[in-house]
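Only one structure is covered here, and it is reproduced in the block below.
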Amino acid sequence: MHSWVLKSEPDSFGIDHLIAAKNQSTLWDGVRNYMARNNLQAMCVGDRAYFYHSSCKVPGIVGEMQVVATAMPDTTQFDTESHYFDRKSTPEHPLWYAPQLKFVKKYNLVLSRDILEAAGLGDSKIFKSFRLSVIPLTAKEAKIIEKLVASAGKNE
DNA sequence: GCCAACGTTGGC
DNA sequence: GCCAACGTTGGC
């Protein structure tokens, strides 16, 4: 199993949108960056994805999701009405792919950048490749986050 | 709202 | 295929 960090702006699609969604799941579509796309395609069923809120008051990891279906063509790329329409893409040769993600849990606190950095994740791609919206975590990084979640859970 | 980082585009 | 210009992301 691999772990990933998926960024989204809570104003456009936050974890509460996911909770309210049908089956509490969503296609992670609209990603238009090749490196992020490659990461999306590398996701396997059962992988864990941390939901990261960006461009908001307290940016950080707010909860967990699980991959329930591997990446399939992102249909918004063919929709001329969509903000995500891409004229270079055709149904025969789609450029962009989206996996299906399902809500697992929402934390009772935000794992803010301060908390993540203090836990030793300062060298993680979360910080180093901060423009990337789909970030792979090493096993070590994933373990650190698991620990943070476990200790935060004790305060519930 | 500013601005640095950095991916993408397009002219050559 | 290089690289400057441009646009977007995202923290502050």
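Keep in mind the model is a prediction, meaning the values are calculated, not measured. Chain naming here is simple, since letters A, B, ... match the order of the sequence lines and numbering starts at 1 in each.
- Applying the side-chain contact (heavy atoms from CB on, under 4.5 Å) criterion to Ala42(A), with sequence neighbours excluded, gives Trp4(A).
- Comment: Glu146(A) engages Arg48(A) in a salt bridge, judged by a side-chain N to carboxylate O separation of less than 4.0 angstrom.
- Residue-level contact check: Lys128(A) touches the backbone only, with heavy atoms under 4.0 Å from sugar-phosphate atoms and none from bases.
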What string of B, S and - do you get for nucleotides 4-12 of chain C, 5' to 3', if B is base contact, S is sugar-phosphate-only contact and - is no contact with any protein heavy atom under 4.0 Å? ---BBBBSS
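- Side chains of Phe85(A) and Arg87(A) form a contact here, defined as non-hydrogen atoms less than 4.5 Å apart.
- Among all heavy-atom pairs drawn from Phe127(A) and Gly122(A), the shortest one is CB-O, 3.6 Å.
- Residues Trp28(A) and Phe51(A) bring their aromatic ring centres within 6.0 Å.
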